[in-house]
Amino acid sequence: MNAKTNPNARPIIDVRGVWKRFGTVDVLKGIDLAIRKSEVTCIIGPSGSGKSTLLRCIAFLEEYSEGEIYIEGELLGFALEGGRRRRVSDAEVARVRRNIGFVFQQFNLWPHMTALENVAMPLKLARGIPREDATKRARAMLDKVGLTNRAEAYPSQLSGGQQQRVGIARALAMEPHIMLFDEPTSALDPELVGEVLQVMRDLASEGMTMAVVTHEMGFAAQVADTVVFIDHGVIAASGSPEQVFRREENPRLRQFLQNYFERNVFWQTTDEVPAP
Amino acid sequence: MFNTAIIVKSLPMLLEASVWTVVYSLTSVAIGFCIGTLMCAAGLSQSRPMRALAAFYVSFFRGVPLLVQLLISYYCLPLIGVNVPSSVAAVGTLALCTGAYIAEILRGGFLGIPAGLIEAARMVGLNRVQILTRIEVPMAVRFTLPSLVNETTMMVKASSLISVVGVLELTRLAQNIATSTFQPLEIYLTAGAIYFLINGAITLAGDFAESRFRVEKAR
């Protein structure tokens with residue numbers, strides 16, 4: 001039994017009873033989720049269900065209101081003192097999440113830097129890697145995402161799909177242990193989705209631990225080890241893709257998938273179903 | 001009678017003095033930019049005392065005439081035991097004053113930066129200072145470049161005020177020559193032309209920077 005399927009392996013990310021409130025609105029209501037090494041976890045659910053908020057809590061881009069999130073065994077964002085939790089310093093947060101890579105829906109490349117600088121600058125500043133080595137590693141990362149020839153381009157000169165691949169290269173350059181993807185293809189024109197998903201597939205097959213918030217059900221079905229369906233701030237269903245997509249009977253999930261399939265019904269009625 | 005000979009004769013001295021005008025005004029803009037960045041960051045920070053400090057700073061230096069500020073620093077600094085050359089005190093006052101305006105200019109630029117760019121920087125482990133210097137300031141400068149160039153030209157002109165506290169620069173020298181030669185019209189016209197040319201050069205430099213930044217936006 002390898003690490004991938006061993007339920008006893010210690011999770012890289014362990015979310016325990018996490019609540020998140022914005023004012024008086026409960027967005028997450030007691031989330032428990034464990035992500036183990038080399039697992040791909042796809043998080044699906046309707047808009048506003050809290051799936052992006054969960055991912056942002058795991059990255060501590062949002063402070064969670066209750067519960068605990070452990071990153072490789074370390075409590076994220078807080079210290080427990082006599083049963084009470086205290087917010088730790090930004091530097092300590094940065095230390096605990098140093099092995100998390102994050103890919104944003106809107107790419108969030110820095111527009112005043114070239115693709116290469118976007119990838120190399122954090123290596124120099126956050127990791128203290130000498131300029132030449134940082135540039136070399138940044139080039140290798142751009143090669144990996146298929147952008148060898150676009151290193152000197154500014155973000156505005158790149159297509160959405162290329163920008164997102166730079167975003168992935170920037171995160172990968174920091175040699176993360178886990179990659180979080182927040183709807184990485186939702187801002188892309190349909191014809192550009194494929195190139196980004198291909199990079200993610202390659203990553204998954206190399207054994208990268210990944211958590212992906214997505215509306216790409218095909219990707220989830222093919223690549224995920226675990227699919228998690230979030231609805232109204234709770235995990236309403238989770239399991240293997242087979243389990244969640246075919247056997248799970250939760251009515252909210254069935255409704256959600258029904259809507260998804262109806263949008264794509266055209267492909268099911270023609271002979272020209274595109275290859276997956 | 002318009003006396004061109006006096007212009008030709010005093011031009012070398014006026015040009016030499018205009019070097020000081022450039023040095024004083026650009027130095028104060030450079031220092032003022034650093035002050036303005038810090039005050040802008042303070043004004044947008046989470047901390048209430050920091051915001052109060054920034055608000056007080058900006059309201060004082062925008063609310064009191066620069067001439068009065070210069071006179072205050074000229075007469076008050078020695079009283080509290082600070083003995084620095086009047087040129088240093090004058091440049092310091094100019095810097096403090098332009099810092100308040102630059103803080104307000106940059107504020108608009110800072111607020112225009114998408115939050116996601118800062119989040120991306122945090123996620124790759126940049127610290128607060130690195131985010132400020134590598135992401136926020138470069139982007140805010142790009143957003144606000146025309147206003148910053150404008151403020152710089154204003155400071156070149158405002159530097160003429162430091163002549164009242166006995167600092168030698170273009171206006172002060174022009175006054176000296178005018179009173180000793182009794183040819184004020186020719187001398188002040190020449191001084192005005194030099195100010196005009198200095199600001200023309202600054203505007204050109206601003207246009208050049210803007211065209212460089214446009215590369216980043218090109219499709």
Side-chain angles (χ1 to χ4, degrees), chain A residues 55-56 58-62 89-115 117-129 152-159 163 166-167 169-176 179-180 182 187, chain B residues 33 37-38 40-42 44-48 50 105-106 108-149 206-219:
Chain A
L55 206 67
R56 290 172 58 81
I58 294 173
F60 213 66
L61 290 171
E62 305 284 355
S89 70
D90 288 349
E92 175 64 9
V93 170
R95 191 188 64 76
V96 173
R97 72 171 169 207
R98 68 195 175 284
N99 293 323
I100 298 180
F102 201 97
V103 175
F104 296 85
Q105 181 179 355
Q106 300 295 339
F107 329 133
N108 291 340
L109 300 185
W110 303 303
H112 58 295
M113 298 180 202
T114 63
E117 289 165 347
N118 264 275
V119 182
M121 186 272 281
L123 290 172
K124 283 183 274 190
L125 292 186
R127 293 284 152 93
I129 295 174
E152 313 304 331
Y154 285 94
S156 64
Q157 299 164 331
L158 298 171
S159 72
Q163 288 188 59
V166 175
R170 177 174 66 183
L172 281 181
M174 309 303 286
E175 299 182 325
M179 289 280 284
L180 307 180
D182 186 10
Chain B
F33 184 83
T37 302
L38 293 176
C40 179
L44 296 172
S45 85
Q46 306 277 341
S47 146
R48 193 185 290 263
M50 294 291 267
I105 291 170
L106 287 178
F110 271 67
L111 291 174
I113 300 172
L117 300 190
I118 310 304
E119 291 180 348
R122 283 161 60 196
M123 284 313 299
V124 290
L126 301 195
N127 64 35
R128 193 72 201 84
V129 174
Q130 290 166 335
I131 292 173
L132 184 70
T133 57
R134 299 307 181 105
I135 312 287
E136 290 178 300
V137 169
M139 293 210 64
V141 166
R142 280 160 176 76
F143 288 145
T144 59
L145 191 65
S147 302
L148 291 172
V149 171
D207 290 348
F208 176 71
E210 214 166 321
S211 69
R212 284 287 305 276
F213 295 157
R214 241 192 312 267
V215 172
E216 297 163 12
K217 287 187 233 158
R219 269 253 162 231

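Below, chain A is the first sequence line, B the second, and so on; all start at residue 1.
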- Query: Do Val124(B) and Arg127(A) have side chains that get closer than 4.5 Å, going by heavy atoms?
  - Reply: no
The reported gap from CE in Met113(A) to CD1 in Ile135(B) (rounded to nearest 0.5 angstrom) is 4.0 Å
The interface call for Glu119(B) against chain A, heavy-atom contacts under 4.5 Å, is both
Pairwise side-chain contact, Phe104(A) with Met123(B), heavy-atom cut-off 4.5 Å (strictly under): yes
Between Leu125(A) and Gln130(B) the two heavy atoms that sit nearest each other are O-NE2, 3.2 Å
Taken to the nearest 0.5 Å, the spacing of Trp110(A) CH2 from Ile131(B) CD1 works out to 8.5 Å
If one checks every heavy atom of Arg56(A) against chain B at 4.5 Å, the contacting part turns out to be side chain
Ranking Ala59(A), Pro111(A), Pro176(A) by heavy-atom pairs under 4.5 Å to chain B gives rank one to Pro111(A)
On a heavy-atom basis, the closest approach of Gly125(B) and Ala126(A) is O-CB, 3.6 Å
d(Arg134(B) CZ, His112(A) NE2) to nearest 0.5 Å is 9.0 Å
So, the part of Arg142(B) with a heavy atom under 4.5 Å from chain A: the answer is side chain
Whatever's closer than 4.5 Å to a heavy atom in chain B on Phe107(A) counts as neither
Under 4.5 Å to a heavy atom of chain B? For Leu109(A) that would be backbone
Practice task
Kindly indicate whether the side chain of Met121(A), heavy atoms from C-beta on, has any atom under 4.5 Å from the side chain of Leu126(B).
Solution key: yes
Whatever's closer than 4.5 Å to a heavy atom in chain A on Ala115(B) counts as neither
